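Letters go in sequence order (proteins before strands), and every chain restarts at 1. These values consider heavy atoms only, across backbone and side chains, with no hydrogens, waters or symmetry-generated copies. Computed from a prediction, not measured in an experiment: that's the story for all the values here.
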2 protein chains.
Amino acid sequence: MQTGGMDVGYHHGDLRAALIRTSFEVLADCGLRRFSVAAVARRSGVSSAAPYRHFPGRDHLLSAVSAVAARELREAIEATGSLAEAAGAYVRYVARTGAGFHVIFAAELYAVPDDERREQTRALMTTLIDLAGDVSYERALQRVEATIAVAHGYTSLFADGFYDHHATTVDEIAARATDAVRSLF
Amino acid sequence: MQTGGMDVGYHHGDLRAALIRTSFEVLADCGLRRFSVAAVARRSGVSSAAPYRHFPGRDHLLSAVSAVAARELREAIEATGSLAEAAGAYVRYVARTGAGFHVIFAAELYAVPDDERREQTRALMTTLIDLAGDVSYERALQRVEATIAVAHGYTSLFADGFYDHHATTVDEIAARATDAVRSLF
DNA sequence: GTCTATACCGGGATAGAC
DNA sequence: GTCTATCCCGGTATAGAC
(Lines give C-alpha, C1' and ligand atoms only; values in the text may rest on other atoms or scores of the structure.)
Protein backbone atom coordinates (compact mmCIF):
# COMPACT_ATOMS: atom_id res chain seq x y z
CA MET A 1 0.00 0.00 0.00
CA GLN A 2 2.95 2.38 0.46
CA THR A 3 3.43 4.93 -2.30
CA GLY A 4 7.18 4.49 -2.04
CA GLY A 5 8.07 8.15 -2.35
CA MET A 6 6.87 8.37 -5.94
CA ASP A 7 4.26 10.90 -6.90
CA VAL A 8 1.62 8.62 -8.31
CA GLY A 9 -0.41 11.55 -9.59
CA TYR A 10 -3.94 10.17 -9.16
CA HIS A 11 -6.93 12.03 -7.91
CA HIS A 12 -6.35 11.99 -4.18
CA GLY A 13 -2.77 11.25 -3.57
CA ASP A 14 -3.76 8.81 -0.87
CA LEU A 15 -7.40 7.86 -0.96
CA ARG A 16 -6.89 5.03 1.47
CA ALA A 17 -5.71 7.38 4.20
CA ALA A 18 -8.35 9.94 3.24
CA LEU A 19 -11.09 7.32 3.62
CA ILE A 20 -9.88 6.38 7.08
CA ARG A 21 -9.79 10.04 8.07
CA THR A 22 -13.28 10.65 6.70
CA SER A 23 -14.52 7.56 8.51
CA PHE A 24 -13.84 9.30 11.81
CA GLU A 25 -16.08 12.16 10.73
CA VAL A 26 -18.84 9.81 9.69
CA LEU A 27 -18.55 7.95 12.98
CA ALA A 28 -18.74 11.22 14.91
CA ASP A 29 -21.77 12.37 12.92
CA CYS A 30 -23.72 9.15 12.43
CA GLY A 31 -22.39 6.82 15.07
CA LEU A 32 -21.30 3.23 14.50
CA ARG A 33 -24.95 2.42 13.91
CA ARG A 34 -25.30 4.40 10.69
CA PHE A 35 -21.70 4.15 9.56
CA SER A 36 -21.59 3.12 5.91
CA VAL A 37 -19.01 2.86 3.18
CA ALA A 38 -21.33 4.87 0.92
CA ALA A 39 -21.41 7.77 3.37
CA VAL A 40 -17.63 7.76 3.65
CA ALA A 41 -17.32 7.75 -0.13
CA ARG A 42 -19.78 10.63 -0.56
CA ARG A 43 -18.04 12.68 2.09
CA SER A 44 -14.67 11.97 0.49
CA GLY A 45 -15.94 13.15 -2.88
CA VAL A 46 -15.44 9.83 -4.64
CA SER A 47 -17.82 7.28 -6.08
CA SER A 48 -19.33 4.57 -3.92
CA ALA A 49 -17.18 1.99 -5.69
CA ALA A 50 -13.84 3.66 -5.05
CA PRO A 51 -13.37 2.49 -1.43
CA TYR A 52 -13.55 -1.13 -2.54
CA ARG A 53 -10.22 -0.71 -4.33
CA HIS A 54 -8.66 -0.18 -0.90
CA PHE A 55 -10.85 -2.20 1.46
CA PRO A 56 -12.62 -5.50 0.73
CA GLY A 57 -15.67 -4.37 2.65
CA ARG A 58 -17.20 -2.28 5.39
CA ASP A 59 -15.69 -4.27 8.23
CA HIS A 60 -12.16 -4.00 6.84
CA LEU A 61 -12.50 -0.24 6.64
CA LEU A 62 -13.74 -0.17 10.22
CA SER A 63 -10.84 -2.41 11.20
CA ALA A 64 -8.37 0.08 9.72
CA VAL A 65 -10.11 2.86 11.63
CA SER A 66 -9.86 0.78 14.79
CA ALA A 67 -6.12 0.37 14.32
CA VAL A 68 -5.55 4.09 13.82
CA ALA A 69 -7.77 4.97 16.79
CA ALA A 70 -5.98 2.47 19.03
CA ARG A 71 -2.59 3.94 18.09
CA GLU A 72 -3.63 7.56 18.49
CA LEU A 73 -5.41 6.83 21.75
CA ARG A 74 -2.37 5.00 23.09
CA GLU A 75 -0.16 7.96 22.20
CA ALA A 76 -2.54 10.32 24.01
CA ILE A 77 -2.55 8.04 27.03
CA GLU A 78 1.23 7.65 27.05
CA ALA A 79 1.45 11.43 27.39
CA THR A 80 -0.24 11.06 30.79
CA GLY A 81 1.12 9.44 33.91
CA SER A 82 -1.75 7.58 35.50
CA LEU A 83 -4.90 5.64 34.81
CA ALA A 84 -6.93 8.55 36.16
CA GLU A 85 -5.44 10.95 33.64
CA ALA A 86 -5.78 8.30 30.95
CA ALA A 87 -9.54 8.35 31.54
CA GLY A 88 -9.58 12.10 30.91
CA ALA A 89 -7.47 11.67 27.81
CA TYR A 90 -9.91 9.05 26.57
CA VAL A 91 -12.92 11.33 27.01
CA ARG A 92 -11.17 14.10 25.08
CA TYR A 93 -9.98 11.80 22.32
CA VAL A 94 -13.41 10.31 21.68
CA ALA A 95 -15.12 13.68 21.82
CA ARG A 96 -12.66 14.90 19.22
CA THR A 97 -12.59 11.90 16.89
CA GLY A 98 -15.79 9.95 17.44
CA ALA A 99 -13.97 6.63 17.77
CA GLY A 100 -13.81 5.05 21.21
CA PHE A 101 -13.65 1.57 22.67
CA HIS A 102 -16.96 0.69 21.03
CA VAL A 103 -15.22 1.13 17.68
CA ILE A 104 -11.77 -0.10 18.65
CA PHE A 105 -13.13 -3.30 20.17
CA ALA A 106 -16.28 -3.58 18.07
CA ALA A 107 -17.64 -7.12 18.12
CA GLU A 108 -18.03 -7.15 14.35
CA LEU A 109 -14.25 -6.87 13.98
CA TYR A 110 -13.43 -10.11 15.76
CA ALA A 111 -13.68 -12.04 12.52
CA VAL A 112 -11.57 -9.57 10.52
CA PRO A 113 -7.97 -10.87 10.20
CA ASP A 114 -6.13 -7.54 10.43
CA ASP A 115 -2.67 -7.91 12.01
CA GLU A 116 -2.17 -4.17 12.26
CA ARG A 117 -5.38 -3.73 14.26
CA ARG A 118 -4.57 -6.65 16.55
CA GLU A 119 -1.11 -5.29 17.19
CA GLN A 120 -2.36 -1.79 17.95
CA THR A 121 -5.16 -2.92 20.25
CA ARG A 122 -2.73 -5.20 22.10
CA ALA A 123 -0.28 -2.32 22.51
CA LEU A 124 -3.06 -0.10 23.83
CA MET A 125 -4.00 -2.64 26.48
CA THR A 126 -0.34 -3.14 27.42
CA THR A 127 0.07 0.58 27.92
CA LEU A 128 -2.96 0.67 30.20
CA ILE A 129 -1.80 -2.35 32.19
CA ASP A 130 1.56 -0.67 32.72
CA LEU A 131 -0.19 2.38 34.14
CA ALA A 132 -2.08 0.27 36.68
CA GLY A 133 0.88 0.29 39.04
CA ASP A 134 2.96 -2.38 40.69
CA VAL A 135 0.23 -4.86 41.49
CA SER A 136 -0.60 -8.38 40.38
CA TYR A 137 -1.62 -8.87 36.77
CA GLU A 138 -5.12 -9.82 37.84
CA ARG A 139 -5.43 -6.70 39.93
CA ALA A 140 -3.97 -4.55 37.16
CA LEU A 141 -6.50 -5.93 34.71
CA GLN A 142 -9.35 -5.13 37.07
CA ARG A 143 -8.11 -1.57 37.49
CA VAL A 144 -7.84 -1.13 33.76
CA GLU A 145 -11.35 -2.48 33.29
CA ALA A 146 -12.71 -0.14 35.93
CA THR A 147 -10.95 2.78 34.28
CA ILE A 148 -12.27 1.86 30.87
CA ALA A 149 -15.75 1.44 32.28
CA VAL A 150 -15.73 4.87 33.88
CA ALA A 151 -14.19 6.62 30.88
CA HIS A 152 -16.47 4.89 28.40
CA GLY A 153 -19.50 5.50 30.59
CA TYR A 154 -18.93 9.23 30.87
CA THR A 155 -18.15 9.46 27.18
CA SER A 156 -21.35 7.64 26.25
CA LEU A 157 -23.45 9.91 28.42
CA PHE A 158 -21.78 12.91 26.85
CA ALA A 159 -22.22 11.59 23.31
CA ASP A 160 -25.85 10.68 23.92
CA GLY A 161 -26.67 14.24 24.87
CA PHE A 162 -27.09 13.54 28.56
CA TYR A 163 -25.41 16.79 29.49
CA ASP A 164 -27.00 19.05 26.91
CA HIS A 165 -29.19 20.82 29.44
CA HIS A 166 -26.25 22.07 31.43
CA ALA A 167 -23.98 23.18 28.60
CA THR A 168 -21.24 20.98 29.98
CA THR A 169 -17.92 21.06 28.16
CA VAL A 170 -15.68 18.20 27.16
CA ASP A 171 -13.05 19.28 29.63
CA GLU A 172 -15.51 19.22 32.49
CA ILE A 173 -16.55 15.69 31.62
CA ALA A 174 -12.91 14.67 31.27
CA ALA A 175 -12.23 16.12 34.71
CA ARG A 176 -15.11 14.20 36.23
CA ALA A 177 -13.91 10.96 34.68
CA THR A 178 -10.41 11.63 35.99
CA ASP A 179 -11.71 12.39 39.47
CA ALA A 180 -13.89 9.31 39.47
CA VAL A 181 -11.03 6.98 38.55
CA ARG A 182 -8.77 8.66 41.07
CA SER A 183 -11.22 7.98 43.89
CA LEU A 184 -11.44 4.35 42.79
CA PHE A 185 -7.85 3.49 43.78
CA MET B 1 -54.91 0.58 24.19
CA GLN B 2 -56.37 -1.54 27.02
CA THR B 3 -58.39 -4.53 25.89
CA GLY B 4 -60.93 -3.75 28.57
CA GLY B 5 -61.47 -7.27 29.78
CA MET B 6 -63.12 -8.37 26.54
CA ASP B 7 -61.76 -11.33 24.65
CA VAL B 8 -61.13 -9.75 21.30
CA GLY B 9 -60.38 -13.11 19.72
CA TYR B 10 -57.71 -12.11 17.20
CA HIS B 11 -54.51 -13.92 16.48
CA HIS B 12 -52.39 -12.80 19.40
CA GLY B 13 -54.62 -11.45 22.06
CA ASP B 14 -52.28 -8.54 22.53
CA LEU B 15 -49.87 -8.11 19.69
CA ARG B 16 -48.84 -4.67 20.86
CA ALA B 17 -47.51 -6.04 24.14
CA ALA B 18 -46.02 -9.06 22.38
CA LEU B 19 -44.12 -6.78 19.99
CA ILE B 20 -42.65 -4.79 22.86
CA ARG B 21 -41.62 -8.00 24.58
CA THR B 22 -40.05 -9.38 21.43
CA SER B 23 -38.25 -6.08 20.89
CA PHE B 24 -36.23 -6.76 24.04
CA GLU B 25 -35.08 -10.06 22.55
CA VAL B 26 -34.11 -8.42 19.29
CA LEU B 27 -32.23 -5.72 21.16
CA ALA B 28 -30.39 -8.34 23.20
CA ASP B 29 -29.52 -10.35 20.10
CA CYS B 30 -28.83 -7.65 17.53
CA GLY B 31 -28.22 -4.53 19.55
CA LEU B 32 -29.77 -1.14 18.94
CA ARG B 33 -27.67 -0.95 15.80
CA ARG B 34 -29.46 -3.75 13.95
CA PHE B 35 -32.82 -3.40 15.64
CA SER B 36 -35.58 -3.38 13.03
CA VAL B 37 -39.35 -3.59 12.95
CA ALA B 38 -39.07 -6.38 10.42
CA ALA B 39 -36.95 -8.51 12.74
CA VAL B 40 -39.42 -7.98 15.58
CA ALA B 41 -42.29 -8.98 13.28
CA ARG B 42 -40.50 -12.12 12.09
CA ARG B 43 -39.66 -13.15 15.61
CA SER B 44 -43.23 -12.51 16.71
CA GLY B 45 -44.55 -14.73 13.95
CA VAL B 46 -46.52 -12.00 12.20
CA SER B 47 -46.15 -10.24 8.88
CA SER B 48 -43.89 -7.26 8.51
CA ALA B 49 -46.92 -5.03 8.12
CA ALA B 50 -48.66 -6.03 11.35
CA PRO B 51 -46.59 -3.86 13.72
CA TYR B 52 -47.65 -0.74 11.83
CA ARG B 53 -51.20 -1.21 13.11
CA HIS B 54 -49.82 -0.56 16.59
CA PHE B 55 -46.84 1.72 16.05
CA PRO B 56 -46.43 4.44 13.42
CA GLY B 57 -42.81 3.50 12.88
CA ARG B 58 -39.58 2.11 14.22
CA ASP B 59 -38.92 4.98 16.59
CA HIS B 60 -42.36 4.77 18.20
CA LEU B 61 -41.84 1.09 18.89
CA LEU B 62 -38.47 1.85 20.41
CA SER B 63 -40.07 4.60 22.46
CA ALA B 64 -42.58 2.14 23.90
CA VAL B 65 -39.70 -0.22 24.72
CA SER B 66 -37.90 2.66 26.40
CA ALA B 67 -40.93 3.39 28.59
CA VAL B 68 -41.24 -0.23 29.70
CA ALA B 69 -37.52 -0.54 30.35
CA ALA B 70 -37.48 2.69 32.37
CA ARG B 71 -40.36 1.46 34.53
CA GLU B 72 -38.94 -2.03 35.09
CA LEU B 73 -35.49 -0.66 35.78
CA ARG B 74 -36.89 1.83 38.28
CA GLU B 75 -38.74 -0.97 40.06
CA ALA B 76 -35.53 -3.01 40.26
CA ILE B 77 -33.65 -0.01 41.60
CA GLU B 78 -36.34 0.82 44.15
CA ALA B 79 -35.82 -2.65 45.57
CA THR B 80 -32.29 -1.59 46.53
CA GLY B 81 -31.24 0.99 49.07
CA SER B 82 -28.31 2.85 47.58
CA LEU B 83 -26.80 4.14 44.38
CA ALA B 84 -24.09 1.50 44.66
CA GLU B 85 -26.63 -1.32 44.73
CA ALA B 86 -28.59 0.43 41.98
CA ALA B 87 -25.52 0.10 39.76
CA GLY B 88 -25.51 -3.66 40.36
CA ALA B 89 -29.23 -3.85 39.68
CA TYR B 90 -28.68 -2.00 36.42
CA VAL B 91 -25.99 -4.41 35.25
CA ARG B 92 -28.25 -7.36 35.97
CA TYR B 93 -31.30 -5.80 34.34
CA VAL B 94 -29.51 -4.97 31.11
CA ALA B 95 -27.82 -8.35 30.95
CA ARG B 96 -31.25 -9.94 31.32
CA THR B 97 -33.26 -7.72 28.98
CA GLY B 98 -30.86 -6.08 26.55
CA ALA B 99 -32.29 -2.59 27.11
CA GLY B 100 -30.15 -0.13 29.06
CA PHE B 101 -29.61 3.61 29.16
CA HIS B 102 -28.54 3.59 25.53
CA VAL B 103 -32.06 2.48 24.66
CA ILE B 104 -33.98 4.33 27.37
CA PHE B 105 -32.30 7.64 26.53
CA ALA B 106 -31.56 6.95 22.86
CA ALA B 107 -30.97 10.16 20.95
CA GLU B 108 -33.33 9.10 18.19
CA LEU B 109 -36.21 9.20 20.66
CA TYR B 110 -35.90 12.89 21.50
CA ALA B 111 -38.21 13.78 18.63
CA VAL B 112 -40.84 11.16 19.49
CA PRO B 113 -43.73 12.72 21.43
CA ASP B 114 -44.50 9.87 23.81
CA ASP B 115 -45.88 11.07 27.15
CA GLU B 116 -45.65 7.63 28.72
CA ARG B 117 -41.94 7.39 27.93
CA ARG B 118 -41.21 10.88 29.17
CA GLU B 119 -43.07 10.20 32.41
CA GLN B 120 -41.26 6.90 33.00
CA THR B 121 -37.80 8.26 32.26
CA ARG B 122 -38.47 11.25 34.51
CA ALA B 123 -39.61 8.91 37.32
CA LEU B 124 -36.46 6.82 36.87
CA MET B 125 -34.22 9.86 37.24
CA THR B 126 -36.20 11.03 40.27
CA THR B 127 -35.72 7.66 41.93
CA LEU B 128 -31.98 7.84 41.33
CA ILE B 129 -31.74 11.42 42.61
CA ASP B 130 -33.55 10.38 45.78
CA LEU B 131 -30.96 7.63 46.34
CA ALA B 132 -28.10 10.11 46.09
CA GLY B 133 -28.51 11.10 49.73
CA ASP B 134 -29.12 14.34 51.51
CA VAL B 135 -26.90 16.61 49.43
CA SER B 136 -27.51 19.56 47.12
CA TYR B 137 -29.40 18.91 43.91
CA GLU B 138 -26.30 19.69 41.89
CA ARG B 139 -24.25 17.24 43.91
CA ALA B 140 -26.97 14.62 43.73
CA LEU B 141 -27.09 14.95 39.96
CA GLN B 142 -23.34 14.50 39.73
CA ARG B 143 -23.50 11.38 41.88
CA VAL B 144 -26.26 9.96 39.74
CA GLU B 145 -24.29 10.70 36.59
CA ALA B 146 -21.20 9.04 38.01
CA THR B 147 -23.25 6.00 38.99
CA ILE B 148 -24.84 5.76 35.57
CA ALA B 149 -21.45 6.14 33.93
CA VAL B 150 -19.93 3.31 35.96
CA ALA B 151 -22.92 1.00 35.56
CA HIS B 152 -23.28 1.66 31.86
CA GLY B 153 -19.55 1.36 31.32
CA TYR B 154 -19.30 -2.06 32.96
CA THR B 155 -22.41 -3.21 31.16
CA SER B 156 -21.03 -2.11 27.79
CA LEU B 157 -17.78 -3.92 28.36
CA PHE B 158 -19.69 -7.03 29.33
CA ALA B 159 -22.04 -6.81 26.35
CA ASP B 160 -19.17 -6.19 23.94
CA GLY B 161 -17.50 -9.41 24.99
CA PHE B 162 -14.69 -7.77 26.90
CA TYR B 163 -14.83 -10.41 29.60
CA ASP B 164 -15.27 -13.47 27.42
CA HIS B 165 -11.75 -14.73 28.03
CA HIS B 166 -12.27 -14.99 31.75
CA ALA B 167 -15.74 -16.56 31.82
CA THR B 168 -16.94 -13.76 34.03
CA THR B 169 -20.54 -13.94 35.19
CA VAL B 170 -23.14 -11.23 35.31
CA ASP B 171 -23.14 -11.27 39.09
CA GLU B 172 -19.40 -10.70 39.20
CA ILE B 173 -19.70 -7.70 36.92
CA ALA B 174 -22.61 -6.39 38.97
CA ALA B 175 -20.50 -6.74 42.11
CA ARG B 176 -17.64 -4.84 40.53
CA ALA B 177 -19.95 -2.03 39.46
CA THR B 178 -21.40 -1.88 42.96
CA ASP B 179 -17.95 -1.81 44.54
CA ALA B 180 -16.79 0.87 42.14
CA VAL B 181 -19.71 3.18 42.91
CA ARG B 182 -19.32 2.54 46.61
CA SER B 183 -15.71 3.68 46.53
CA LEU B 184 -16.74 6.80 44.64
CA PHE B 185 -18.66 8.32 47.57
C1' DG C 1 -56.23 -6.90 13.05
C1' DT C 2 -53.72 -9.32 10.20
C1' DC C 3 -52.60 -10.85 5.76
C1' DT C 4 -50.16 -10.56 0.94
C1' DA C 5 -48.15 -7.77 -2.23
C1' DT C 6 -45.74 -3.95 -3.50
C1' DA C 7 -43.37 0.72 -3.96
C1' DC C 8 -39.54 2.89 -2.33
C1' DC C 9 -35.10 3.80 -0.50
C1' DG C 10 -30.36 3.06 0.66
C1' DG C 11 -26.29 0.43 1.51
C1' DG C 12 -23.05 -3.56 -0.05
C1' DA C 13 -20.70 -5.09 -3.58
C1' DT C 14 -19.23 -6.17 -8.55
C1' DA C 15 -18.39 -5.44 -13.85
C1' DG C 16 -16.45 -3.08 -17.24
C1' DA C 17 -15.19 1.45 -19.34
C1' DC C 18 -11.60 4.89 -19.15
C1' DG D 1 -7.44 4.12 -9.41
C1' DT D 2 -11.50 5.91 -10.18
C1' DC D 3 -15.61 6.23 -12.75
C1' DT D 4 -20.56 4.86 -14.18
C1' DA D 5 -23.87 1.55 -14.15
C1' DT D 6 -25.93 -2.17 -12.14
C1' DC D 7 -27.54 -6.03 -9.17
C1' DC D 8 -28.84 -7.75 -4.84
C1' DC D 9 -30.60 -7.52 -0.43
C1' DG D 10 -33.20 -5.92 3.44
C1' DG D 11 -35.72 -2.49 5.98
C1' DT D 12 -39.67 1.13 6.00
C1' DA D 13 -43.98 1.92 5.01
C1' DT D 14 -48.48 1.74 2.46
C1' DA D 15 -52.60 -0.34 -0.22
C1' DG D 16 -56.06 -3.35 -0.47
C1' DA D 17 -57.91 -8.08 0.31
C1' DC D 18 -59.88 -10.90 3.90
Open item on the list: With no hydrogens and no angle check, just 3.5 Å: does a side-chain donor-acceptor pair link A:T22 and A:E25?
Closed with: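 No, A:E25 and A:T22 have no side-chain donor paired with an acceptor closer than 3.5 Å.
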Open item on the list: Does the plane of the ring in B:Y90 sit parallel, tilted or perpendicular to the ring in B:F101? Use 30° and 60° as the thresholds.
Closed with: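 The rings of B:Y90 and B:F101 lie parallel, inter-plane angle below 30°.
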Open item on the list: For A:H152 and B:H152, take the angle between the two ring planes, folded into 0 to 90°, and tell me which bin it lands in: parallel under 30, tilted 30 to 60, perpendicular over 60.
Closed with: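 Answer is parallel, since the angle falls under 30°.
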- [ ] Look at all strands and tell whether B:R42 reaches a base, only sugar-phosphate, or nothing, counting heavy atoms closer than 4.0 Å.
- [x]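 Sugar-phosphate contact only - B:R42 comes under 4.0 Å of backbone atoms but never of a base.
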Please report, rounded to the nearest Å, how far the [atom2] atom of [N] is from the [atom1] atom of [X].
X: B:R43; N: D:dG11; atom1: CZ; atom2: P; result: 13 Å
X: A:F55; N: D:dG1; atom1: CZ; atom2: P; result: 13 Å
X: B:Y52; N: C:dC8; atom1: OH; atom2: C1'; result: 12 Å
X: A:F35; N: C:dG12; atom1: CZ; atom2: C1'; result: 13 Å

- [ ] Report the nucleotide, chosen from C:dT14, D:dA13, D:dG1, that has the shortest atom-to-atom distance to any side-chain atom of A:A49.
- [x]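 Of all the options, the side chain of A:A49 is nearest to C:dT14.
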Task: Residue B:L15, side-chain heavy atoms: nucleotide from D:dT14, D:dT4, C:dT2 that is nearest - done: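 The answer is C:dT2.
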- [ ] Would you tell me if any nitrogen or oxygen in the side chain of A:R53 comes within less than 4.0 Å of OP1 or OP2 on D:dG1?
- [x]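 Answer no for this pair, as no side-chain N or O of A:R53 is under 4.0 Å from OP1 or OP2.
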- [ ] Look at B:D179 together with B:R182 and state whether they make a salt bridge at an N to O cut-off of under 4.0 Å.
- [x]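 Yes.
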